[in-house]
Amino acid sequence: MSVPIRTIASANGLEATRLAYQMILNGSDVLPAVVEGVTLVEDDPDDMTVGYGGLPNEDGIVELDAAVMHGPTHRAGGIAGLRNVRHAAKLAQLVMEQTKHHLLVGEGANAFARAQGFPEEDLLTDKTRKIWLYWRQTSSDRDDWLPPPYEQLDPAVIEFFKLTKDHGPETVYQRSEVADRPTGTIHCSGIDAQGNLSCVTTTSGLAFKIPGRVGDSPLIGAGLYVDNEVGSCGSTGRGEENIRNCSSHLGVELMRQGISPKEAGLEVLRRLVKQVRERWLLGADGKPNFGLKLYLINREGDFAGASIWGPSKFAVTDDQGTRFEPCAYLFEKPTKT
Ligand code: GLY
């Protein structure tokens, strides 16, 4: 059997797909190729969703989660609550390759990184520190923090919170609800010409999370899952909902029934949305106030992105080139007036 070599990723992973595709084309196993791809994004200070320059927890400390899964061996490795080490995906790969465990967390994850010779550094950039500080200063009117006047705000803060001069702390306080707190992440998966699949998901998690919060990204079956005989599924977006619905495992199981990647992704999201009852997760229209996307690829190389909200896009590289493709979606984003 020969299938087209292909890599897919969340929209922030365009360059990750390009690099991973080239490595697979040159004969690399799929897993190190996709890990090398997302490492580009972990190194990028301008991507505030992963690695160096990722948004921090509520104490202003960056905590990273990541996992890998290797189709041919069905082995996996993960890291959660990692501090001061930017390459969470590579560390997750080493958990898979050089331990008998699947998930190392917190202090244990950091000790493992030290043992493996990973350098330690402050992952907060000046930009993410200023964004965190403004969030801290405006997240409650019942503490002693106050924001500076609008004129003294850094343009990056104004852009991030979409502030206008009229916006006072009260308005911003509302903006800090879950709907406006990024859960950006990068997922990347790939398939080689023999139909072997592997994938990786890496993230700084929910911005301003409670320290110690672990999202879906390092959890096999939630943030990613591969069955080499069926396909791969991974996700970005609000991790809590993926965890309680085992979304990536479900996506692969639906593909096992012969359902296309697109329809499998949409069906996972339909089931997930049906289970949402909490008032803090629902908008006034009864629809989810959070985003979640799935990236699926089956053993034949068919692929799709599926999103709760659209239009949105995901990244692909194959023999047709490196490009964005549209995600299928459940609901159209309301147009801002
Ligand atoms: N999906 C990333 C997170 O919720 O942490």
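In each ligand, atom 1 is the first atom listed, and ligand 1 is the first ligand listed.
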Return each pair, listed once, that meets salt bridge (charged side-chain N to carboxylate O under 4.0 Å, His left out) where at least one residue sits in residues 195-204; pairs must be two or more places apart or across chains.
-> none
Quick note on ligand 1: atoms under 4.0 Å from a heavy atom of S217 include exactly 1 (N), 2 (C)
Is there a salt bridge (charged side-chain N to carboxylate O under 4.0 Å, His left out) between E36 and K90 once you walk through the steps?
-> CA-CA 8 Å; E36 212 53 57; K90 278 191 177 152; 3.2 Å; yes
Atoms of ligand 1, numbered as shown, that sit under 4.0 Å from any heavy atom of G205 | 5 (O)
Check: G301 main-chain N/O paired with R6 side-chain donor or acceptor under 3.5 Å = yes
Contacts of E120 meeting salt bridge (Lys or Arg N to Asp or Glu O under 4.0 Å) (sequence neighbours excluded), chain-then-number -> R114
Which atoms of ligand 1 are found less than 4.0 Å from any heavy atom of G215?
-> 5 (O)
Plane angle bin for F161 and Y134 - parallel if under 30°, tilted between 30 and 60°, otherwise perpendicular = tilted
Nitrogen or oxygen atoms of D216 and ligand 1 under 3.5 Å apart = yes
By number and element, which atoms of ligand 1 are closer than 4.0 Å to a non-hydrogen atom of L206?
-> 5 (O)
Nearest-contact summary for atom 5 (O) of ligand 1 - protein heavy atom, Å | R213 NH1, 2.6 Å
Per-atom contacts of ligand 1 with G237, taking only distances under 4.0 Å to non-hydrogen atoms | 1 (N), 2 (C), 3 (C), 4 (O)
In this structure, atom 2 (C) of ligand 1 is nearest to the protein heavy atom T185 OG1, 3.1 Å
Determine the interplanar angle of the W309 and F331 rings, folded into 0 to 90°, and report it as parallel if under 30°, tilted if 30 to 60°, perpendicular if over 60°.
-> tilted
